[in-house]
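Bear in mind the structure is a predicted one, so any value in this text is a computation, not a measurement.
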Amino acid sequence: MKKLTLFLLPLLLFLLISVFLLQGLFSDPRERQSSLLDRPVPEFSLPDVMDESTIYGPQVFKGEVTLLNVWGTWCVTCAYELPFLTELRQQGVRILGLYYEQDLDPDFGAKSLAQIRRDIDKKLSQLGNPYAFNIFDQQRSLSLDLGVTGAPETFLIDAQGRVRLHHIGDVNERVWQQKFLPLYHKLSDQELNVQESGL
């Protein structure tokens, strides 16, 4: 009996570790759930990237279903998704940009605000401008509060200002159709019903 236990114990341990590792192999890191799901967008007070005298807060999300897209001109994947996001804007989807600049970080270099604005103008004129406006997250405070790990990342925010979906990576036709669109329609219909009922 003792020999059998000594044989089975390592085998059982091996099987448990194998199952754990297999789960990791087949999981999608983009499917990481945000801790902010169904919670309001955190409080913030940040300027427009093109006009620092214009300050935005969470109220910008009230009254309309919105995509908040985290991006930067330095981000290759962000450039890839700009044309598709521009198509969505042309279809009536409200998209706000949350812009942060790596080159403001001393570890990556230094770039003036004027140069950042020129880079943004150039990128958006080349690839399309999906944004109603861009919030400038210079210190990455809102990005950190949202749990952003990089760019691009996109949040679907309902008309009450609650985060309803968080996507890591680019938004393309497939991602939009399969992941965003059903919930976007549902939230838009709910908001329309609220407006029609006068609540």
Side-chain angles (χ1 to χ4, degrees), residues 30 34 36 41-42 44 46-52 54-104 111 113 115-138 140 142-143 145-189 191-192:
R30 293 181 176 203
S34 170
L36 289 176
V41 172
F44 68 93
L46 294 171
D48 187 289
V49 72
M50 295 299 185
D51 176 11
E52 60 268 25
T54 301
I55 304 296
Y56 302 114
Q59 71 278 3
V60 298
F61 300 110
K62 298 289 175 71
E64 193 171 354
V65 179
T66 303
L67 295 184
L68 179 66
N69 177 247
V70 182
W71 77 290
T73 56
W74 45 268
C75 165
V76 175
T77 309
C78 300
Y80 178 76
E81 74 174 350
L82 278 175
F84 181 72
L85 292 178
T86 302
E87 286 180 29
L88 292 182
R89 182 183 184 186
Q90 290 165 351
Q91 294 168 21
V93 177
R94 183 177 190 242
I95 305 173
L96 304 184
L98 181 61
Y99 187 88
Y100 73 85
E101 180 59 57
Q102 277 193 329
D103 286 344
L104 286 178
K111 190 185 277 188
L113 185 55
Q115 183 61 51
I116 291 169
R117 289 174 175 163
R118 282 193 295 273
D119 290 349
I120 291 172
D121 275 338
K122 183 178 178 186
K123 186 70 73 175
L124 296 181
S125 64
Q126 287 174 339
L127 300 172
N129 183 359
Y131 306 112
F133 55 83
N134 270 285
I135 300 166
F136 192 28
D137 194 9
Q138 185 171 354
R140 303 184 196 178
L142 179 56
S143 300
D145 288 345
L146 287 168
V148 170
T149 57
E153 293 190 21
T154 303
F155 296 84
L156 177 59
I157 298 170
D158 68 19
Q160 286 73 48
R162 291 185 306 245
V163 175
R164 302 302 297 269
L165 192 153
H166 176 200
H167 175 73
I168 299 172
D170 65 304
V171 176
N172 53 45
E173 180 72 33
R174 180 186 56 79
V175 169
W176 175 252
Q177 292 289 337
Q178 294 179 2
K179 193 171 183 179
F180 280 86
L181 194 57
L183 184 56
Y184 178 82
H185 279 318
K186 179 182 173 185
L187 296 174
S188 297
D189 290 345
E191 178 57 21
L192 188 62

[atom1]/[X] to [atom2]/[Y] distance, rounded to the nearest 0.5 angstrom?
X	Y	atom1	atom2	answer
K123	R118	NZ	CZ	15.5 Å
L82	N69	CG	CG	7.5 Å
I120	L124	CD1	CG	7.0 Å
F84	N172	CZ	CG	7.0 Å
H166	L68	NE2	CG	9.5 Å
F44	Q59	CZ	CD	7.0 Å

Nearest heavy-atom pair of [X] and [Y]: which atoms, and what distance?
X	Y	answer
G128	T86	C-OG1, 3.2 Å
A151	C78	CB-SG, 3.8 Å
R94	V65	CB-O, 3.8 Å

Q | Trace of the side-chain contact (heavy atoms from CB on, under 4.5 Å) decision for Y100 with L142 | A | CA-CA 10 Å; Y100 73 85; L142 179 56; over 6 Å; no
Q: Could you walk me through whether L85 and R89 pass side-chain contact (heavy atoms from CB on, under 4.5 Å), step by step?
A: CA-CA 6 Å; L85 292 178; R89 182 183 184 186; over 6 Å; no
Q: Would you mind listing every salt bridge (charged side-chain N to carboxylate O under 4.0 Å, His left out) that reaches into residues 158-169, with sequence neighbours excluded?
A: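 Salt bridge (charged side-chain N to carboxylate O under 4.0 Å, His left out) check on residues 158-169 returns D38-R164, D158-R162, D158-R164.
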Any non-hydrogen side-chain atom of [X] less than 4.5 Å from a side-chain atom of [Y]?
X	Y	result
D121	M50	yes
Q160	E191	yes
W176	L67	yes
T73	E101	yes
P152	V171	no
F61	L96	yes
W71	Y131	yes
L98	L146	yes

Q. For I116 and Y99, what are the C-alpha separation, side-chain angles and deciding distance, and is it a side-chain contact (heavy atoms from CB on, under 4.5 Å)?
A. CA-CA 10 Å; I116 291 169; Y99 187 88; 3.8 Å; yes
Q: Output all residues satisfying side-chain hydrogen bond (donor to acceptor under 3.5 Å, both in side chains) with Y184, sequence neighbours left out; order by chain, then residue number.
A: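 Not a single residue meets the side-chain hydrogen bond (donor to acceptor under 3.5 Å, both in side chains) criterion with Y184.
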Q) So, D119 versus W74: side-chain donor-acceptor pair below 3.5 Å or not? A) no
Q: Begin with the C-alpha distance, continue with both residues' side-chain angles, and end with the deciding distance and a verdict on side-chain contact (heavy atoms from CB on, under 4.5 Å) for L165 and K179.
A: CA-CA 9 Å; L165 192 153; K179 193 171 183 179; 4.0 Å; yes
I'd like to know if the side chain of [X] and the backbone of [Y] have a donor-acceptor N/O pair within less than 3.5 Å.
X	Y	result
H185	S188	no
D137	S143	yes
R117	V49	yes

Q: Taking the six-membered ring for Trp and the single ring otherwise, decide whether the centroids of F133 and Y56 are under 6.0 Å apart.
A: yes
Q.
Does anything in residues 145-182 form a disulfide bond (SG atoms under 2.5 Å apart)? List the pairs, not counting sequence neighbours.
A. none
